[in-house]
Peer 1: 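Quick one: the structure is below, and I'll ask about it shortly.
Ligands are counted one by one from 1 in listed order, and the atoms in each one are counted from 1 as well. In this chain, residues are counted from 1 in sequence order.
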Amino acid sequence: MAEVNNPNKENRRIIIFDTTLRDGEQCPGASMNIAQKLQIAHQLERLGVDVIEAGFPISSAGDFEAVKKVSSELKKAAVSGLARAVEKDIRCAWDAIKRAKKPRIHTFIATSPIHRKAKLKMSKTRVIEETIKAVKLASSLCPDVEFSAEDATRTELDYLLKVVQAAAEAGARTINIPDTVGYTMPVEFARIIEEVRNALTKDVAVSVHCHNDLGLATANSLAAILAGAGQVECTINGIGERAGNAALEEIVMSLYVRNDIYGADTGIKTQLISPTSVLVSRLSGLSVQRNKAIVGENAFRHEAGIHQHGVLQDKLTYEIMTPESVGTKKETLYLGKHSGRHAINERLKQMGVDLKKIDMSSLFERFKTLADKKKQVYDDELLSLVEEQLGSVSKTYELDYIHMLSGSSTVPSATVRLKIMRPGEKDILIQEAATGDGPVDACYRAINKITGIDAVLQDYRIKAVSRGCDSLGEVTVLLREEEDLSEEFLGRGTSTDIIKASALAYLSALNRLEVVKENRKVK
Ligand code: KIV
Ligand code: ZN
């Protein structure tokens with residue numbers, strides 16, 4: 001293992017492989033459209049990520065298109081496309097990424113006994129044969145191939161070593177060891193990584209990909225770095241399957257704050273961590289928990305008197321890194337009515353918004369109206385104004401008009417008019433009215449009548465985006481479609497009027513549902 005507290009050692013460069021757009025997007029309800037994925041990809045490149053896993057091209061036509069677009073637009077980062085170890089996946093991944101400046105095919109097969117028996121129905125020998133075939137095919141198409149042994153941490157170690165050696169001999173330049181089900185422990189994972197590192201030649205990079213089922217994804221990734229891993233796979237805000245993936249911000253800042261232990265650097269511009277977190281949360285619809293390390297709202301807030309006293313004397317009493325180092329400098333956290341265009345432009349640029357695509361005059365006007373109502377306009381609120389403008393590009397439903405009637409002696413009723421926008425068709429306005437158990441229910445029933453979608457509400461939450469009664473109300477909904485209950489769709493809406501926020505949230509979830517339906521259509 002690497003030595004601890006050795007100030008003289010040379011820093012190693014750790015490759016940051018971001019899978020927000022692939023594993024992150026597998027998070028229930030988080031489906032994003034192509035424009036949103038592109039926006040995130042550009043921001044990840046700006047952030048300094050080395051490899052961006054843009055998607056799983058064979059999984060849907062939408063994913064294929066998104067990976068293709070990201071590949072043709074990015075300039076610096078390598079773009080990876082995921083493929084099972086089967087010919088059609090690999091050829092499809094290559095088709096999607098071949099325009100990239102630095103394309104990478106990431107192919108995988110499960111190696112653990114349970115996966116071999118229950119899922120693949122393959123013997124140990126067969127899994128090795130398929131591995132070799134897949135890596136050889138991928139290498140014949142693309143100079144940069146990564147191989148993952150899915151569920152590696154529940155695989156017999158001697159067998160895992162055979163598989164990864166076979167993959168490396170067949171041409172894989174990076175061998176990834178995923179803790180697919182978040183099962184391993186730091187001490188055990190370090191041992192596995194040491195063995196894998198020793199089984200491979202130095203020119204092959206060892207990578208890790210940890211899930212957070214036991215809350216250990218970051219700890220396991222860091223243990224692996226100490227044991228010789230040169231690449232970590234992670235996502236912004238730790239989003240991903242089930243409990244998520246290792247969080248990029250946690251790994252990067254751990255390496256930065258405890259350089260004495262790790263002696264490792266990354267290419268990440270840490271000041272862009274917070275704006276990137278806000279952008280991903282906004283576009284994926286997945287809120288960041290308040291006490292989330294590094295990017296949570298409370299991460300740099302000192303509440304206890306004794307802590308506040310200490311911080312006033314010297315910040316280092318209770319701060320191990322500055323908020324500025326991750327881009328949450330207090331003064332820039334919000335903008336107000338005195339803020340000019342320049343400040344807004346700057347903040348939008350930091351959050352990866354492409355200013356060329358925005359009508360700045362109209363955005364500035366909307367900003368001023370909001371800032372007049374409120375003392376502070378937060379990043380999140382600014383982004384929702386941008387979304388109102390940009391989102392229309394791929395929205396199917398847009399709220400045009402809403403009227404509610406409610407009171408202690410009235411049956412709650414709602415009249416809603418929506419603009420329906422379908423590619424290749426003329427936009428149309430449809431209005432419907434409905435009654436319900438309450439104003440929100442009435443409004444959702446009216447929307448269901450218009451869209452013809454029998455959406456079933458799974459969850460409804462409301463919170464104030466900022467402080468004070470002038471705050472924007474933010475509603476988050478989770479819904480399913482009656483005819484296909486297998487998938488959930490998240491939606492968020494903000495407005496100073498909470499019924500309007502509720503309608504906007506519902507429509508944003510329906511718009512995601514439409515994206516998924518579109519993505520499912522065969523190429
Ligand atoms: O968790 C996992 O095993 C994966 C692989 C496809 C790398 O996501
Ligand atoms: Zn994964």
Side-chain angles (χ1 to χ4, degrees), residues 15-28 30 50-60 63 67 78-86 89-90 92-93 96-97 104-116 118-120 127 130-131 134-135 138 144-155 160 163-164 167-168 172-184 189 192-193 196 205-218 220-221 224 229-248 250-251 284 286:
I15 305 290
I16 298 292
F17 176 115
D18 181 282
T19 183
T20 304
L21 294 174
R22 199 277 298 168
D23 218 326
E25 215 231 0
Q26 280 172 227
C27 187
D50 300 289
V51 188
I52 294 175
E53 184 155 70
F56 190 2
I58 195 84
S59 68
S60 70
D63 233 37
V67 178
V79 180
S80 167
L82 186 69
R84 285 168 303 184
V86 292
D89 280 37
I90 293 169
C92 177
I97 60 164
R104 175 181 290 193
I105 296 179
H106 177 190
T107 186
F108 72 99
I109 191 164
T111 52
S112 65
I114 172 90
H115 280 244
R116 291 193 313 257
K119 190 177 84 177
L120 299 175
V127 167
E130 296 302 318
T131 298
V135 174
D144 184 4
V145 173
E146 171 170 333
F147 170 77
S148 283
E150 191 190 9
D151 205 15
T153 52
R154 293 193 298 167
T155 301
L160 178 66
V163 178
V164 299
R173 283 200 198 167
T174 303
I175 295 294
N176 184 38
I177 305 298
D179 183 28
T180 305
V181 288
Y183 173 74
T184 199
F189 199 44
I192 297 174
I193 297 306
V196 169
V206 174
S207 166
V208 290
H209 173 113
C210 296
H211 279 271
N212 207 28
D213 300 65
L214 289 170
L216 290 170
T218 298
N220 286 332
S221 306
Q231 173 179 291
V232 272
E233 304 198 353
C234 44
T235 60
I236 302 292
N237 301 335
I239 64 172
E241 278 278 347
R242 306 181 311 278
N245 289 62
L248 178 146
E250 294 173 13
I251 293 169
S284 65
L286 301 167

Peer 1: Looking only at distance, does Asp23 have an N or O less than 3.5 Å from an N or O of ligand 1?
Peer 2: yes

Peer 1: Taking the side chain from Asp50 and the backbone from Ile16, do they hold a donor-acceptor pair closer than 3.5 Å?
Peer 2: yes

Peer 1: Closest to the Zn ion (ligand 2), which N/O/S atom of His209 is it?
Peer 2: NE2

Peer 1: Who's the nearest protein heavy-atom neighbour of atom 4 (C) of ligand 1, and how far?
Peer 2: His209 NE2, 3.5 Å

Peer 1: Does ligand 1 come near enough to Arg22 that some N or O of the ligand is less than 3.5 Å from an N or O of the residue?
Peer 2: yes

Peer 1: Short list, please: which atoms of ligand 1 are under 4.0 Å from a heavy atom of Glu150?
Peer 2: 3 (O)

Peer 1: Taking only heavy atoms of His211, which atoms of ligand 1 are found under 4.0 Å from at least one of them?
Peer 2: 1 (O)

Peer 1: Which ligand 1 atoms does Pro178 reach within 4.0 Å, using its non-hydrogen atoms?
Peer 2: 2 (C), 3 (O)

Peer 1: When you measure from the side chain of His106 to the backbone N and O of Gly81, does any donor-acceptor pair fall under 3.5 Å?
Peer 2: no

Peer 1: For Thr180, is at least one N or O under 3.5 Å away from an N or O on ligand 1?
Peer 2: yes

Peer 1: Is a donor from one side chain sitting under 3.5 angstrom from an acceptor on the other, for Ser112 and Asp151?
Peer 2: yes

Peer 1: Indicate whether any N or O donor in one side chain lies under 3.5 Å from an N or O acceptor in the other, for Thr153 and Thr184.
Peer 2: no

Peer 1: Return yes if some donor-acceptor pair links the side-chain N/O of Arg104 with the main-chain N/O of Val79 below 3.5 Å, else return no.
Peer 2: no

Peer 1: Looking only at N, O or S atoms in Asp23, which is nearest to the Zn ion (ligand 2)?
Peer 2: OD2

Peer 1: Taking Ala83's backbone N and O only, do any of them form a donor-acceptor pair with Thr107's side chain (distance below 3.5 Å, no angle check)?
Peer 2: yes

Peer 1: Indicate yes or no for a side-chain donor-acceptor contact from Thr20 to the backbone of Ile236 under 3.5 Å, with no hydrogens or angles considered.
Peer 2: yes

